Each structure stands twice: as structure tokens, then as C-alpha cells.
Enquirer: 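This is the structure I have questions about; it appears just below.
All values derive from a computational prediction rather than experimental measurement. Note that ligands are numbered from 1 as they come in the structure, with each ligand's atoms numbered from 1 the same way. In this chain, residues are counted from 1 in sequence order.
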Amino acid sequence: MESVLEIGQVRIELIEGDIVTQAVDAIVNAANEELRQGGGVCGAIFRAAGAAELQRACDAVAPCPTGEARITPGFALPARYVIHAVGPIFDRYPPEEADRLLASAYRSSLNLARQFGLQSIAFPSIATGIYGFPVERAAPLVLQTLIDDLRQHQSPTLARIVLWRDTFPVYQRALERMRA
Ligand code: AR6
């Protein structure tokens with residue numbers, strides 16, 4: 001399953017799948033501020049990259065405040081780099097502040113990708129698991145954030161959102177609503 005939106009030379013793709021298998025320049029990790037191995041997508045990325053090596057690289061660039069991002073090598077992953085982005089723990093903030101921090105985590109990741117000259121990036125649905133950000137609220141916000149940023153910068157040329165199971169239809173519906 002796949003949905004695509006093209007903005008000039010840039011492509012935004014939604015796919016259902018596992019982010020650790022993505023052969024792109026960078027995959028984004030839904031990280032915590034300490035950049036420690038956790039559960040969810042973060043646990044899967046650490047295991048696939050080689051947990052000890054990735055943890056050493058994370059320790060060298062930690063901490064990472066909520067809404068920001070840090071970059072490390074991808075080690076054993078198909079992706080060359082991991083961009084560690086920290087989304088908001090939803091119930092710690094007023095909802096509008098949580099929105100702002102989530103958008104900032106995506107924009108910070110795209111800024112790092114550009115700084116490193118990367119052309120393809122794959123995101124998970126940051127903060128909508130353990131951090132409790134409602135996926136129905138996140139989907140249109142994330143899509144609009146990517147569209148606005150990529151329209152302005154035209155780089156990276158591929159941004160893929162890799163969605164786990166039942167979050168895929170939520171993002172797909174949000175994209176269809178935005179097209180309408
Ligand atoms: N590929 C793509 N998406 C996945 C995968 C996968 N392999 N596994 C889970 N998801 P979460 P958060 C989805 O909890 O909410 C960790 O402990 C999942 O269904 O991974 O930002 C970190 O270290 C959900 O939709 O991240 C932090 O402490 C989405 O990925 C904390 O959790 C994000 O869920 C971050 O929590």
C-alpha cells in the first residue's frame with residue numbers, strides 16, 4: 001500500500017511497513033531526550049543498527065531537547081544515517097504547544113538532512129506511540145509540516161512516512177482530505 005504526493009521535484013510517500021528496512025539516506029528515530037535505547041520504533045532501530053555501537057554514537061551527541069534532532073551513522077542498517085528526533089510527551093504540554101514541538105521535530109530532521117546533503121529520508125509517526133500524541137491529531141499536522149517545508153526547500157527529494165499497521169489508514173485519510 002502506498003500513497004504519493006508530488007510537489008515540484010519532491011515526492012512525499014506514505015507506506016505501510018517497517019522503518020528499519022528502508023534503504024534511504026537517513027531514517028528518523030522517534031527518540032527520547034537522553035538518546036537512550038527505548039521501546040517501540042527506537043528499540044527496533046537500535047537492535048537492527050547494532051545497539052552498542054549506536055548507543056556510543058548517541059552518547060556523543062546527547063542530550064536532544066524535545067522538538068530537536070541529532071544525527072549519527074546507521075551502522076548495520078540499510079540507511080546510511082539515523083536522525084534522532086524527539087517528539088513531545090503529549091500530556092506534558094498544552095495541546096498547541098505539543099503541536100508546535102511535533103512540527104519542530106520534523107523540521108529539525110529535514111534541516112539536518114539538508115546540512116548533510118541527503119536526498120532521501122524516512123520518518124516514523126513520531127510521538128504517536130509511547131508518547132501518547134493522538135494519531136488523528138498528528139497526521140494532518142505532520143503532512144502539512146512536510147509539505148510546507150519541502151515546497152520551500154525542494155530538498156530532500158524523497159520524504160517517506162513509514163507507518164506501522166493501523167496508523168497507515170489514518171495518514172492516508174488525512175492526505176486525501178488535504179488533496180480535496
Ligand atoms: N516501523 C515503523 N513504525 C513503527 C515501528 C517500526 N518498526 N515500530 C513501532 N512503530 P513509538 P514515540 C510506530 O512508541 O511515541 C521509545 O522508548 C508505532 O506504532 O516508537 O515517539 C523512545 O526511546 C507508533 O505509531 O515512539 C522514546 O522513549 C510510532 O511508531 C519513546 O519511545 C511511534 O511510536 C518515544 O515514543
Enquirer: Could you pull out every donor-acceptor pair under 3.5 Å between side chains of residues 45-61 and any protein atom, sequence neighbours left out?
Expert:
residue : atom : partner : partner atom : Å
R47     : NH1  : G43     : O            : 3.4
Q55     : OE1  : Q37     : N            : 3.1
Q55     : NE2  : L35     : O            : 2.9
Q55     : NE2  : D59     : OD1          : 2.9
D59     : OD1  : R36     : NH1          : 3.3

Enquirer: Please write out which residues are connected to Y131 in a hydrophobic cluster, directly or through intermediates, given that two of Ile, Leu, Val, Met, Phe, Trp, Tyr count as joined at side-chain heavy-atom separations below 4.5 angstrom.
Expert: I89, I130
Enquirer: Will you find, in the side chains of T157 and Q9, an N or O donor that is under 3.5 Å from an N or O acceptor?
Expert: no
Enquirer: Applying side-chain hydrogen bond (donor to acceptor under 3.5 Å, both in side chains) as the test, list every pair that has at least one member in residues 63-90; sequence neighbours left out.
Expert: N29-H84, E33-T66, E68-R70, T72-H84
Enquirer: Return a table of N or O atom pairs, ligand 1 on one side and protein on the other, at distances under 3.5 Å, rounded to 0.1 Å.
Expert:
residue  : atom   : partner : partner atom : Å
ligand 1 : 1 (N)  : I19     : N            : 3.0
ligand 1 : 7 (N)  : D18     : OD1          : 2.8
ligand 1 : 14 (O) : I130    : N            : 2.8
ligand 1 : 15 (O) : A127    : O            : 3.4
ligand 1 : 15 (O) : G129    : N            : 2.9
ligand 1 : 15 (O) : I130    : N            : 3.1
ligand 1 : 15 (O) : Y131    : N            : 3.0
ligand 1 : 17 (O) : G39     : N            : 2.8
ligand 1 : 20 (O) : V41     : N            : 2.7
ligand 1 : 21 (O) : A127    : N            : 2.8
ligand 1 : 23 (O) : N32     : ND2          : 2.8
ligand 1 : 25 (O) : T128    : OG1          : 3.2
ligand 1 : 28 (O) : N32     : ND2          : 3.3
ligand 1 : 28 (O) : Y131    : OH           : 3.4
ligand 1 : 34 (O) : G129    : N            : 3.4

Enquirer: Quick test of your reading of the model: are R137 and D99 salt-bridged, counting only N-O distances below 4.0 Å?
Expert: yes
Enquirer: Do the side chains of E176 and R179 get close enough for a salt bridge, i.e. N-O under 4.0 angstrom?
Expert: yes
